[in-house]
Participant: 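Quick one: structure below, then a few questions.
What you see below is based on every heavy atom in this structure, not just the backbone, and it leaves out hydrogens, waters and symmetry mates.
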Amino acid sequence: MTVILLRHGRSTSNTSGTLAGRTAGVDLDDRGREQAEAIVGRLDGLDVAAIVRSPLLRCQNTVAPLAEKLGLAPFTDDALAEVDYGSWTGRPIKELLDEPLWKVVQQHPSAAVFPDGEGLAQVQARAVAAVRAHDARLAAEHGKDVLWVACSHGDVIKSVLADALGTHLDGFQRIVADPASISVIRYTATRPFVLRMNDTGADLSSLNGGAAAKPAGVDSSDAVPGGEVGTGGRADNEDG
């Protein structure tokens, strides 16, 4: 199963420098709406089986053009919602820099719990569980591996990527998930493969083939020494 982790487009909170969190009514700005329209072209030709999104407005409006194009009704999942930042919600980022918790969020995020909100470890647990659950649900519905989109938020996506990379949550601040970026994870029986991270480009056609080709007898969950075999029949890192 392959999930496209799509961060919502640029929001009015992004441009104002505030921590939106779960504040109601935070929408895409003009650039964010352009990014949402562009996603249709970026995913053109991909056999997307489902769209799952955070309940927040900025995610709703990010996937709306894609859902209309594909004729899909997005599934809303609270487990993909933005971090509950508690009393930090709505505050200017420049004010938060002086909070003692800021350094914890940066250096030891697995221990960070936002005042009157949730901890980043909780965020990772709920988000990873949600992605795995939708993988299982869609596999059962379609009877095969499928490609699907999960539209969520920066810290949520970064936490899922950290899990897929086998990286401790304390390292997740090294991962970047820009507005309207795409990150891709292929889940197999024994391990995930991270195919893309923070991709803001247009050519995603390689995802149509699903799993990369492997030599005969190699299990789909196994990594091939020297690199996977691309569509052209050569190892991806054959030259080096």
Side-chain angles (χ1 to χ4, degrees), residues 3-46 48 50-85 88-97 105 114 117 120 123 127 130-131 134 147-161 172-173 175-185 195-205 207:
V3 58
I4 296 173
L5 298 171
L6 169 66
R7 186 181 173 190
H8 62 78
R10 195 175 75 177
S11 73
T12 54
S13 181
N14 293 145
T15 49
S16 66
T18 58
L19 187 62
R22 298 182 178 182
T23 304
V26 175
D27 203 351
L28 304 177
D29 67 5
D30 289 343
R31 175 58 180 154
R33 285 188 283 273
E34 291 174 359
Q35 290 171 330
E37 294 290 345
I39 288 165
V40 176
R42 290 168 68 193
L43 300 188
D44 186 43
L46 299 184
V48 175
I51 300 171
V52 183
R53 66 169 178 85
S54 154
L56 296 176
L57 181 63
R58 53 196 184 273
C59 287
Q60 175 184 332
N61 287 340
T62 295
V63 300
L66 178 65
E68 181 178 5
K69 171 69 174 180
L70 298 178
L72 295 172
F75 183 96
T76 303
D77 190 344
D78 291 343
L80 294 180
E82 177 62 289
V83 179
D84 182 356
Y85 293 110
W88 278 28
T89 302
R91 293 179 59 188
I93 299 295
K94 63 182 181 181
E95 286 184 7
L96 299 175
L97 299 177
V105 172
F114 296 97
L120 288 172
V123 174
V131 169
H134 286 295
L147 180 67
W148 62 285
V149 172
C151 183
S152 189
H153 307 266
D155 282 346
V156 179
I157 290 172
K158 286 163 58 178
S159 74
V160 175
L161 285 168
F172 101 132
Q173 298 292 23
I175 299 169
V176 177
D178 288 324
S181 67
I182 284 172
S183 300
V184 184
I185 305 171
L195 305 182
R196 299 194 182 211
M197 290 200 298
N198 198 40
D199 191 328
T200 56
D203 184 11
L204 298 169
S205 59
L207 299 180

Participant: Applying salt bridge (charged side-chain N to carboxylate O under 4.0 Å, His left out) as the test, list every pair that has at least one member in residues 12-29; sequence neighbours left out.
Facilitator: R10-D29, R22-E118
Participant: Going by the rule side-chain hydrogen bond (donor to acceptor under 3.5 Å, both in side chains), which residues pair with S159 if we only count those two or more places apart in sequence or in a different chain?
Facilitator: none
Participant: Please check if the side chain of T62 supplies one atom and the backbone of G9 the other of a donor-acceptor pair under 3.5 Å.
Facilitator: yes
Participant: Suppose we screen for salt bridge (charged side-chain N to carboxylate O under 4.0 Å, His left out). Which residues come up paired with R58, at least two apart in sequence or across chains?
Facilitator: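 Counting only residues at least two positions away or on another chain, R58 forms a salt bridge (charged side-chain N to carboxylate O under 4.0 Å, His left out) with E82.
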Participant: Filter on ring pair (Phe, Tyr, Trp, His ring centres under 6.0 Å), then keep only pairs touching residues 18-38, sequence neighbours left out; what's left?
Facilitator: none
Participant: Determine whether L5 and M197 make a side-chain contact, defined as any pair of heavy atoms from C-beta on separated by less than 4.5 Å.
Facilitator: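 Sidechains of M197 and L5: no contact.
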Participant: Would you compute the distance between atom CG of D30 and atom CZ of R33 and round it to the nearest 0.5 angstrom?
Facilitator: 4.5 Å
Participant: Residues two or more places apart in sequence or in another chain: which of them pass ring pair (Phe, Tyr, Trp, His ring centres under 6.0 Å) with Y85?
Facilitator: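 Counting only residues at least two positions away or on another chain, Y85 forms a ring pair (Phe, Tyr, Trp, His ring centres under 6.0 Å) with F114.
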Participant: Once side chain to side chain contact (heavy atoms under 4.5 Å, CB included) is applied, do any residues pair with E34, and if so which ones, sequence neighbours excluded?
Facilitator: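 R31.
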Participant: Any side-chain to backbone donor/acceptor pair from N198 onto D178? Under 3.5 Å, distance only.
Facilitator: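 Pair found, side chain donor or acceptor close to backbone of D178.
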Participant: For T12, give me all partners under side-chain hydrogen bond (donor to acceptor under 3.5 Å, both in side chains), at least two apart in sequence or on another chain.
Facilitator: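 Scan of T12 (side-chain hydrogen bond (donor to acceptor under 3.5 Å, both in side chains), adjacent residues dropped) gives none.
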Participant: Please enumerate all residues that pass side chain to side chain contact (heavy atoms under 4.5 Å, CB included) together with T23, with sequence neighbours excluded.
Facilitator: V26, T89
Participant: Compare all side-chain heavy atoms of L120 with those of K158 and state whether any distance is below 4.5 angstrom.
Facilitator: no
Participant: Check for a donor-acceptor pair, side chain of E37 on one end and backbone N or O of P65 on the other, with a separation under 3.5 Å.
Facilitator: no
Participant: Tabulate below the donor-acceptor pairs under 3.5 Å that side-chain atoms of residues 71-81 make, not counting sequence neighbours, or state none.
Facilitator:
| residue | atom | partner | partner atom | Å |
| --- | --- | --- | --- | --- |
| T76 | OG1 | R53 | NH2 | 3.4 |
| D77 | OD1 | A79 | N | 2.9 |
| D77 | OD2 | H134 | NE2 | 2.7 |

Participant: Of all residues at least two apart in sequence or in a different chain, which pass the side-chain hydrogen bond (donor to acceptor under 3.5 Å, both in side chains) check with W148?
Facilitator: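 With sequence neighbours excluded, W148 shows a side-chain hydrogen bond (donor to acceptor under 3.5 Å, both in side chains) to D135, given in chain and number order.
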Participant: Please list all pairs passing the salt bridge (charged side-chain N to carboxylate O under 4.0 Å, His left out) test where one or both residues lie in residues 59-73, with sequence neighbours left out.
Facilitator: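 Residue pairs passing salt bridge (charged side-chain N to carboxylate O under 4.0 Å, His left out), neighbours aside: none found.
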Participant: Is there side-chain contact between V160 and V3, with heavy atoms separated by less than 4.5 Å?
Facilitator: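 Counting from C-beta outward, V160 and V3 never come under 4.5 Å.
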Participant: D44 side chain to G41 main-chain N or O, any donor-acceptor pair under 3.5 Å?
Facilitator: no
Participant: For D84, what residues pass the side-chain hydrogen bond (donor to acceptor under 3.5 Å, both in side chains) criterion, not counting sequence neighbours?
Facilitator: none
